[in-house]
Amino acid sequence: MATLDVHHHIETHDHDDHGHEHHHGNFWTTYIFSEDHKVIAKQFLLTGMAWALIGGILSVLFRLQLGFPEANLSWLKPILGGWLTAEGKIDPDFYLALVTMHGTIMVFFVLTAGLSGTFSNFLIPLQIGARDMASGFMNMLSYWFFFLSSVIMFISLFISTGPAAGGWVIYPPLSALPQAIPGSGLGMTLWLVSMALFIVSSLLGSINYITTVINMRTVGMSFAKLPLTIWAFFLTAVIGILSFPVLFGAALLLIFDRSFGTSFYLSDIYIGGEALPNQGGSPILFQHLFWFLGHPEVYIVLLPALGITSEIIATNSRKPIFGYKAMVGSMLGIAILSFVVWAHHMFVTGMNPFLGSVFTLLTLIIAVPSAVKIFNYVTTLWKGNIRFTPAMLFSIGLVSFFLTGGITGLFLGNSAVDIQLHDTYFVVAHFHLVMGSASFFGMMAGVYHWFPKMFGRMMDEKLGYLHFWLTFIGVYLVFFPMHYIGIAGFPRRYYSWTAFETFSGFADLNMLVSVAAIITLAAQFVFLFNFIYHIFRGKLAPANPWNSTTLEWTTPRLPGHGNWPGEIPTVYRWPYDYSKPGSKEDFIPQHIPFSETPESNLPNENDQIKLDLGGAGVGGNKH
Amino acid sequence: MNEAVDFKIVEAPAKPISMNPKKFGMWLFIASVTMLFMALMSAYIVRRAEGNWVFYELPNIFGYSTILVILSSVCLQLAYFYRVNVTRANNLIVATFLLGIVFLAMQSLGMYQLLKEGHHFTGGNVSESFFFIFPWLHGLHIIGGLVYLIIVFITLRKGSFNKVQMEMCTTYWHFLGLLWLYLFVFLTLLR
């Protein structure tokens with residue numbers, strides 16, 4: 001057994017060297033069907049950005065309808081064509097499709113694939129000291145399944161009955177019956193096919209991430225020395241593996257209901273006065289299955305952003321992260337709790353009130369690890385030598401959104417308060433701040449921070465500041481007023497309220513929200529310019545532009561295939577040795593041994609050296 | 001970067017524990033398949049508890065197919081034990097493969113018998129629809145396992161013995177056997 005393991009080890013080593021020396025791939029193997037984790041990460045990033053742009057434009061379209069219900073939009077005719085009514089207004093069916101596709105695209109294609117796919121792929125091998133992912137082939141498949149899924153979802157935007165329109169949660173019976181709304185026809189079928197492929201992609205990715213983090217760490221990289229980013233990606237992947245199959249199961253039964261005539265979710269339905277034959281199904285069952293994925297999905301979206309933020313805030317405060325173990329513990333707590341709170345999305349489905357109170361309790365407990373994280377971010381910033389890079393600003397922005405949006409979560413988590421607030425704009429405001437904007441800011445922070453490692457050049461800071469402030473203020477202007485609109489009882493997903501006397505008083509607030517949304521979208525073009533222009537024309541980046549401690553900054557400016565030209569560095573210390581008292585510089589990278597820094601070692605670290613001195617005499621096999 | 005200091009390095013950081021990444025990935029895949037079936041089983045339990053649930057006897061053939069799938073697992077395990085003797089191992093893998101095919105045939109027969117007894121996938125009570133999902137979805141995974149068996153067989157034939165590949169295949173096949181055993185008990189006790 002032991003010999004075989006050693007043998008295997010040698011084999012992989014040979015393979016590494018082989019790949020390293022003879023990597024002269026053509027255009028197709030280098031950039032398109034690449035198995036290199038860095039290229040795959042960039043593919044995910046660019047696809048995710050394209051989707052973010054589409055998702056953002058869709059949101060502005062329906063905000064136009066909500067903010068300016070009387071406006072004539074016929075100037076959009078060249079783009080929207082038949083989706084505008086004769087009076088130049090957005091077709092009500094298309095409005096439903098817009099909100100559905102905005103949700104689907106943002107949650108899955110941007111903040112799951114675009115965020116996890118990019119940064120897990122890019123950072124896991126670089127930060128744990130591995131040559132590549134455990135399986136480059138599976139990694140490539142993961143991207144191409146995502147691409148295929150994207151293509152199908154994109155095509156569904158252009159079919160004559162329109163894309164899926166039952167909301168991103170696709171509750172049956174609305175989504176199960178093609179005769180219910182136009183969007184439940186071919187559009188819904190394409191949605192399901194696309195999501196099935198997306199789940200395959202996500203599972204392939206997650207299996208790879210977990211396998212790599214557990215089995216491919218470099219010498220010395222114990223779990224206690226992992227950067228918090230890696231902890232976050234790791235836990236995200238674990239959540240993904242456990243929750244996405246459940247969505248697959250739910251979607252499978254829905255496909256049978258839609259296309260094969262079963263009645264898993266359907267019962268007692270009349271459409272147009274005609275009774276359907278389906279009997280005995282339970283639509284609530286779908287909600288249970290969906291939210292068993294759906295709630296963990298929130299943390300699949302959020303945890304990577306929190307991990308990225310931990311790294312960036314520590315680096316740019318020039319201070320060790322406050323409470324490393326508490327950070328890991330709270331992420332673990334969030335990951336576990338995320339599986340036992342799903343029914344708080346279903347408080348008003350007629351569930352047992354006792355069950356509701358159990359889920360209320362469990363939901364409110366999530367506030368504890370979340371508060372620990374916010375506390376730790378703030379205490380890391382406290383008295384730090386803060387460098388306000390754009391990445392740092394976006395990270396601080398994330399903390400702000402996470403707090404503002406998290407507090408409203410306490411309202412919504414109460415089953416009693418939820419009776420008033422469910423399905424109103426209060427909910428929209430809550431999850432857009434805590435999950436949407438926070439995760440988006442985490443993603444942006446990551447792009448600004450790791451751009452030098454991805455493309456070997458620097459982005460422009462001034463444009464970064466402009467992008468940050470416009471987006472930050474814009475996001476608050478969009479989502480803060482929504483709390484008031486929601487408390488006033490505005491239901492979400494409604495095409496128009498002008499018919500109701502009660503709601504016409506908020507027309508000005510809705511207009512403000514819509515204007516802010518347009519400005520926020522416009523601000524993203526500043527980023528796009530900054531991003532694309534500086535890929536080609538940016539200042540050349542130094543190897544370690546942020547004076548950071550983690551391993552990715554020990555690679556060359558543009559790490560090649562295999563990441564490190566020589567040996568993989570060995571890790572001796574945790575990743576947050578910033579401003580260590582006595583140290584010459586304000587950061588000590590992870591690969592510097594304690595024996596080289598006697599001036600700053602703590603007593604227990606010195607003990608480690610002494611201890612090993614004795615051991616070295618006996619073993620003496622270091623080299 | 002490390003070379004310049006090698007005689008000063010006195011700490012010897014431990015190599016993190018690790019296992020074969022591919023095998024590890026297989027276990028994760030098994031975890032996700034388990035979650036898929038757990039989702040469907042919990043849907044089954046929840047829906048059953050709501051009442052309006054038709055009871056019916058499962059055809060005996062599902063019992064026989066359960067014995068068969070256990071036999072096939074035994075065969076594959078023996079093939080793994082006898083892996084040094086390529087001919088013997090190959091014969092056992094062929095036996096496993098054939099048992100797998102017969103298992104699939106018996107599952108199909110069982111479902112066919114249910115159809116003949118008037119329990120249809122569509123149109124009837126939801127309990128009937130639910131039942132068909134399990135042998136069908138499990139069968140799809142068995143087909144995946146059969147493809148894997150062919151791959152292992154070809155590798156063995158070529159003489160390039162790959163222990164990891166064989167172990168992964170055995171793990172997956174045993175998992176599928178156990179999964180069906182569990183599903184069978186579940187569907188028998190919780191009709």
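Any value given below was found using the heavy atoms of this structure, including those in side chains, with hydrogens, waters and symmetry copies removed. Throughout, protein chains are lettered first and strands after them, A, B, ... in sequence-line order, and every chain is numbered starting at 1. Keep in mind the model is a prediction, meaning the values are calculated, not measured.
- Between B:Pro16 and A:Met221 the shortest heavy-atom distance is CG-O, 3.7 Å.
- Side-chain atoms of B:Ser129 and A:Phe264, non-hydrogen and from C-beta on, do get closer than 4.5 Å to each other.
- Formation of a donor-acceptor pair under 3.5 Å by the A:Asn215 side chain with backbone atoms of B:Pro21 is not found in this model.
- The minimum heavy-atom distance linking B:Arg47 with A:Leu285 is given by the pair CB-CD2, 4.2 Å.
- The minimum heavy-atom distance between B:Phe24 and A:Ile210, with the atom names listed, is CE2-CG2, 3.9 Å.
- Counting heavy atoms of neighbouring residues, nucleotides and ligands inside a 6.0 Å radius, atom CH2 of B:Trp27 does not exceed 12 of them.
- The two residues B:Pro13 and A:Val571 come nearest to each other via the heavy atoms CB-O, 3.6 Å.
- Nearest heavy-atom pair across A:Val219 and B:Lys15 is CG2-CD, 4.1 Å.
- Counting only distance, with no hydrogens or angles, the side chain of A:Arg217 and the backbone of B:Ser18 share no donor-acceptor pair below 3.5 Å.
- Contacts of A:Leu252 with chain B are made by side-chain atoms alone, with heavy-atom separations under 4.5 Å and no backbone atom involved.
- Neither the backbone nor the side chain of A:Val238 has a heavy atom closer than 4.5 Å to any heavy atom of chain B.
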Begin from the C-alpha positions of B:Phe130 and A:Leu253 and carry the test side chain to side chain contact (heavy atoms under 4.5 Å, CB included) through to its verdict. CA-CA 9 Å; B:Phe130 256 119; A:Leu253 298 188; 4.1 Å; yes

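- Scanning all heavy atoms of the two residues, the minimum distance from A:Phe260 to B:Thr122 falls at O-CG2, 2.7 Å.
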